[in-house]
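For this chain, numbers begin at 1 and follow the sequence in order. One-based numbering, in listed order, for ligands and for the atoms of each. Note that the structure is a prediction, hence the values are computed from the model and not measured.
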Amino acid sequence: MPSKEKGLEDLFHDALMDIYYAERKILRTLPKMARGAQSKELKAAFEKHRDQTEGHVERLEQVFEIIGKRVQGKTCPAIDGIIEEGEEILDEFKDTAAGDAGLISAAQAVEHYEITRYGTLRRWAEIMKLPDAAKLLGLTLAEEETTDKDLTKIADSSANRKALAA
Ligand code: FE
Ligand code: FE
């Protein structure tokens with residue numbers, strides 16, 4: 001029988017550990033993606049987002065502090081799978097005309113995962129009356145959304161056309 005004592009605070013804590021694990025994994029993966037990118041623009045976008053991701057990890061540590069919990073990650077099979085697929089694309093399409101388009105598609109899957117997590121966490125923080133946590137989560141959410149849009153721009157301006165022409 002599930003415990004009736006579990007509520008939104010528990011869900012919030014669980015999702016926080018999930019995204020903390022995911023962010024740390026993404027932090028280790030972005031340099032590989034930057035190395036795998038062919039265009040300078042895409043390489044720079046991955047490097048910029050790697051630096052932003054350090055900030056995401058720090059903001060999450062602040063949120064743990066706000067809710068009085070130990071900073072701790074919890075294995076997130078979703079991000080493990082998304083990154084595994086990205087690594088497959090990198091292996092199979094590296095140095096081909098479709099390489100950058102493939103990398104962008106993989107990176108956008110990661111950003112969309114983050115966007116769904118941060119959207120939920122921010123809303124929960126708001127209704128739990130944790131405005132400081134909601135603000136921190138909202139700042140990261142905005143950076144994930146901007147990154148997603150920037151990746152679409154790179155795909156539209158060059159990567160997709162290069163892949164199509166091959
Ligand atoms: Fe992030
Ligand atoms: Fe991100």
Side-chain angles (χ1 to χ4, degrees), residues 11-67 69-90 93 99-126 128 130-160:
L11 272 178
F12 183 88
H13 182 219
D14 206 72
L16 192 63
M17 291 192 290
D18 173 289
I19 192 67
Y20 187 69
Y21 172 93
E23 286 285 20
R24 287 172 39 114
K25 179 126 184 183
I26 293 162
L27 191 57
R28 294 195 302 273
T29 304
L30 278 163
K32 286 186 222 167
M33 299 178 77
R35 280 196 298 276
Q38 294 164 17
S39 81
K40 278 199 179 116
E41 205 186 2
L42 185 57
K43 215 177 263 291
F46 286 145
E47 281 165 359
K48 177 184 171 192
H49 199 53
R50 197 217 73 92
D51 292 348
Q52 286 180 329
T53 299
E54 277 186 347
H56 300 175
V57 169
E58 281 164 24
R59 286 187 191 126
L60 291 174
E61 287 167 355
Q62 292 178 58
V63 176
F64 277 106
E65 203 182 317
I66 289 169
I67 62 166
K69 298 281 190 191
R70 189 163 66 87
V71 174
Q72 194 186 357
K74 179 186 174 188
T75 304
C76 166
I79 203 71
D80 284 345
I82 289 169
I83 287 174
E84 204 184 304
E85 283 193 4
E87 283 170 349
E88 269 175 36
I89 289 176
L90 193 57
F93 291 90
D100 278 2
L103 261 181
I104 290 169
S105 73
Q108 286 190 297
V110 172
E111 294 315 306
H112 281 243
Y113 181 73
E114 293 183 288
I115 288 166
T116 182
R117 282 295 179 220
Y118 280 107
T120 298
L121 279 164
R122 182 181 62 172
R123 173 66 81 232
W124 284 347
E126 282 167 1
M128 287 162 65
L130 299 169
D132 293 341
K135 193 180 164 196
L136 289 163
L137 295 162
L139 288 170
T140 298
L141 177 60
E143 287 178 357
E144 311 294 16
E145 287 171 341
T146 301
T147 300
D148 181 48
K149 289 193 185 93
D150 289 347
L151 289 168
T152 295
K153 273 183 214 153
I154 298 172
D156 283 345
S157 68
S158 55
N160 284 345

If I take atom CD1 from residue Ile82 and atom NZ from residue Lys25, how far apart are they, to the nearest 0.5 angstrom? 11.0 Å
Contacts of Glu114 that satisfy side chain to side chain donor-acceptor pair (under 3.5 Å) - sequence neighbours left out: none
Check the Fe ion (ligand 1) and write out every protein N, O or S atom at under 2.8 Å, as residue and atom. Glu23 OE1, Glu23 OE2, His56 ND1, Glu114 OE2, Glu144 OE2
Count the heavy atoms belonging to other residues, nucleotides or ligands that lie under 6.0 Å from NZ of Lys43, then report whether that count exceeds 12. yes
Glu84 atom CD, over 12 foreign heavy atoms within 6.0 Å: no
Interatomic distance, Met17 atom CE to Thr75 atom OG1 [nearest 0.5 angstrom]: 10.5 Å
Short side-chain donor-acceptor distance under 3.5 Å, His49 and Glu144: yes
